[in-house]
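The block underneath contains the structure these notes are about, expressed in structure tokens.
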Amino acid sequence: MTAVGPVGEARRAVAGAIAAAVGRAASAGSLPAEARAALAGLGEAHVEVPRDNSHGDLASTAPLRLAGPCRMPPRRIAEAISAELDLSGMPVQKTEVAGPGFINFFLSPTWLNRTVAYILAEGQDYGRSDVGRGAPVQVEFVSANPTGPLGVVNARAAAVGDTLASLLDAAGFRAQREYYVNDAGGQVRRLGRSVEARWLELHGEEATIPEGGYRGEYIVDIARAYDAEHGEAARGMSPEERAVSMGHFATEMMVEDHKENLARFGVVYDVWYSQEANVTQEAISETLAELERRGHVYRRDGAVWLRTTTFGDDKDRVLVKSNGEPTYFLADIAYHRDKFSRGFKEVIDLWGPDHDGHVRRMKAAVAALGQEAGALEILIVQWVRLMEGGELARMSKRRGQIVPMKDLLDDIGVDASRFFFLMRSHDSHLDFDLELAKRQTTENPVYYVQYAHARISSILRQPEAVADVKSLDEVLPELDLLTEPAESALIRRLADFPEEVADAALAREPHRLTRYATDVATAFHKFYDTCRVLVEGDPPLRRARLGLAAATRIVLANSLALCGVSAPESM
RNA sequence: GCGCCUAUAGCUCAGCGGAUUAGAGCGCCGGCCUCCGGAGCCGGGUGCGCAGGUUCGAGUCCUGCUAGGCGCACCA
């Protein structure tokens, strides 16, 4: 838990009051002297948000945690602390000792209502915090090979990476979104030769796709495009020249295609980092030299090795093959070295499940370069299976198992795709229910949340509401009229938002956001069901409820924005 | 063989640093609109793979086992 926003303030206040009470209890002898130090070791973390709101708005587990050091039953510690609690001037309505030794705190209605005013004042900024203190963090994601179209796993990585970056920004880090373009090396040649084969076929010549080449139909499209632009020139080239020329052409075309799909998906990168342009021979040999200087390199069997086992890998890895060529691993190390030289202290890579065997060696290499452990974090985005009616779906019957991202966008759309990808933890396998995602009229989770937003928007534009909506910043005194349980429950959940954002960012778990947004939508619908917003004959209460509705809309809009999902005013 | 991920309701999954009574969506059954958007709300029930361990307390931590997925190149 990160203490930010309204709940963070309350958490700090409660933690402070408990610390003071423990101090007094220790002086008075009702607690042993060890209690002070033991509590100090806990920080503010012992003040938690209970799962069940009948246990209060905040609860301290300090008595349970102090039981060991104090050698006293937790319940008695709780009572000793309770007896010394001084809550004057604090937004706490009541406290209780409960269960095995929790101290539960019920925040006052005044606190809740001030929170509504605070949200209204913050608007678009509500949810932002400064826990990152402006630290630059790089998030690199998707980075697919430009040898074929993006697939659904790439789409998932795009949703997760983009939202993670947004969360980091909101939590006060400076996130940079980077895409690494693998436009160098053997695969470009292979791609070029594959295109060449198709190009020859276009001209009625026999040709075979080379071993390890690319067979997708898109290669034919590329060959056609190439022919239209450079067909004449190509006729005069040697096969080798053609492979190079076509390889570059194809790569550019694929990268453009990736950019287009990602942009359509709402993902805009700060940097498209070309391997060919940046990871030069020079960069590679500098990297090798640095690793040698640091003493982690040795020669064996004609190859140059990095002693990654020093840093937890299960075997050493080759940097330079015995034929003198650098491995991709070395190029990748050079790339990561460059990231850190650009000033990032924290670098997060999102990789596909086919690369999880490479995690250890890459982290080992970064450690070998002298970076702190944890400077590089690698998140594995797991497989996506598209399901339709409980069966594996084949959206693309044309070729293989790879379902293009484009088809997903065409069929499902951006909002549902992104939301669905963000409903699950990135490291668990995802069964994507196409039928459910396509539904626009029923219980699709994304529509559930958007519906709440649209419903509020509808209320706020009712004729009897508009005048009040304009002056919501003046409703402060009326907010005290919000005393219904459904109102308090909703406000309480709205108050969590900044901590939800900060915690999701720090844990690198963007999927928490969709759950939170769903919770807020549920709390709102319940409120709506029990409390009439546009109450007649009671203008103050109406203004208060409009204020709450407007605050809810802010939280929903901000949550959806972080997810990259639209927040419609009507549906 | 080694490594990583996963195992929670009929299905897909949450459960964030261990904490009071384990949740959501879908599916199924039954209620709720003279009223701000019924794309909503309320009710109905089954579950932490197995076995140990640590602890005042384990879905959560540790060990072993079982099952599923993935990875184990001088490929990129």
Side-chain angles (χ1 to χ4, degrees), chain A residues 1 42-43 45-46 48-52 54-55 59 61 64-65 67-68 73-75 98-102 104 145 147 182 184-188 190 212 300-305 313-315 317-323 325 327-329 331-332 352-360 380 382-383 387 390 423-425 427-433 435-436 439-445 447-448 450-452 454-462 464-465 499-500 503-504 506-507 509 511-512 514-515 518-519 521-522 524-526 528-530 532-536 542 545-546 549 570-571:
Chain A
M1 287 292 170
L42 298 176
H46 64 88
E48 303 179 350
V49 177
R51 275 188 202 170
D52 184 339
S54 70
H55 300 130
T61 57
L64 295 151
R65 293 167 191 253
R75 189 91 202 182
F102 294 91
N104 296 336
N145 283 336
T147 52
N182 294 270
Q187 61 180 352
V188 174
R190 266 206 302 283
R300 195 181 73 203
D301 306 333
V304 179
W305 297 71
D313 199 3
D314 47 8
K315 62 187 205 185
R317 308 289 170 176
V318 171
L319 295 173
V320 183
K321 299 184 243 178
S322 49
N323 66 8
E325 279 180 36
T327 58
Y328 183 87
F329 180 47
D332 223 9
D354 49 337
H355 285 89
D356 66 358
H358 298 232
V359 171
R360 278 177 183 229
I380 299 295
Q382 281 293 349
W383 297 111
M387 308 297 284
M423 287 196 302
R424 302 286 179 250
S425 160
D427 59 3
S428 74
H429 300 230
L430 168 65
D431 279 6
F432 192 112
D433 187 337
E435 270 182 311
L436 184 61
R439 264 183 249 176
Q440 307 212 350
T441 49
T442 53
E443 302 79 0
N444 186 334
Y447 285 95
Y448 178 81
Q450 290 179 317
Y451 178 68
R455 197 179 221 184
I456 296 169
S457 302
S458 169
I459 296 169
L460 297 184
R461 64 174 172 257
Q462 296 302 310
E464 51 285 36
E499 292 197 342
E500 291 279 349
D503 289 343
L506 293 173
E509 289 182 355
H511 71 278
R512 293 192 200 177
T514 51
R515 197 150 287 271
T518 307
D519 274 3
T522 299
F524 175 76
H525 287 312
K526 287 184 180 175
Y528 178 88
D529 203 56
T530 50
R532 188 170 171 82
V533 177
L534 300 174
V535 275
E536 287 165 37
R542 185 174 65 218
R545 287 185 173 162
L546 280 168
S570 62
M571 300 170 67

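Since the model is a prediction, treat every value here as computed from it, not as a measurement. Here is how names work: the chains are called A, B, and so on, in the same order as the sequence lines, proteins then strands, and each is numbered from 1.
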Nucleotide nearest A/Asp431 (side chain, heavy atoms from C-beta), chosen from B/G37, B/C75, B/C13
B/C13
Quick check for you: among B/A19, B/U20, B/C74, whose closest atom lies nearest to any side-chain atom of A/Ala98?
B/U20
Atom CG of A/Asp529 and atom C1' of B/G37: how far apart are they, to the nearest Å?
13 Å
What is the separation between atom CZ on A/Phe524 and atom C1' on B/C36, rounded to the nearest whole Å?
9 Å
Side chain of A/Tyr528, heavy atoms from C-beta onward: which of B/U12, B/C36, B/G40 has the nearest atom to it?
B/C36
Is A/His511 near enough to B/C13 that one of its side-chain N or O atoms lies under 4.0 angstrom from OP1 or OP2?
no
Between the base of B/C75 and the ring of A/Tyr328 - centre-to-centre under 5.5 Å, planes within under 30° - is that a stack?
no
Each nucleotide in nucleotides 2-11 of chain B should get exactly one letter: B, S or -. Can you fill that in based on protein heavy atoms under 4.0 Å?
-SBSS-----
Would you kindly give the CZ-to-P distance between A/Arg75 and B/U20, to the nearest whole Å?
15 Å
Could you give the CG-to-C1' distance, from A/Asp354 to B/C70, as a whole number of Å?
9 Å
Ring centroids of A/His525 and B/A39 base under 5.5 Å with planes under 30°
no
Using whole Å, report how far CE of A/Met423 lies from C1' of B/C26.
10 Å
Listing for RNA chain B: consecutive Watson-Crick or G-U pair runs of at least 3, distance cutoff 3.5 Å, ranges ordered by first number, gives B:1-7 with B:66-72, B:10-13 with B:23-26, B:28-32 with B:40-44, B:49-53 with B:61-65
Any side-chain N or O of A/Arg51 less than 4.0 Å from the OP1 or OP2 oxygen of B/A19?
yes
Heavy atoms from C-beta onward define the side chain here; which of B/C70, B/C13, B/G37 lies closest to that of A/Trp383?
B/C70
Can you check B/C33 for me, syn or anti if syn means within 90° of 0?
syn
Are OP1 or OP2 of B/C74 and a side-chain N or O of A/Lys315 less than 4.0 angstrom apart?
no
Are the side chain of A/Gln187 and the backbone of A/Asn182 linked by a donor-acceptor contact shorter than 3.5 Å?
yes
For A/Tyr451, which residues count as a ring-ring contact (aromatic ring centres under 6.0 Å, His included) partner, sequence neighbours excluded?
A/His525
Just by modelled atom types, is the A/Leu436 backbone N or O under 3.5 Å from a matching donor or acceptor in the A/Asn444 side chain?
yes
How close or far is atom C1' of B/G23 from atom CZ of A/Arg424, stated in whole angstroms?
13 Å
Return the value, rounded to whole Å, for the distance between atom NE2 of A/His355 and atom P of B/C75.
14 Å
Can you measure A/Asn444 atom CG to B/U12 atom C1' for me and round it to whole angstrom units?
14 Å
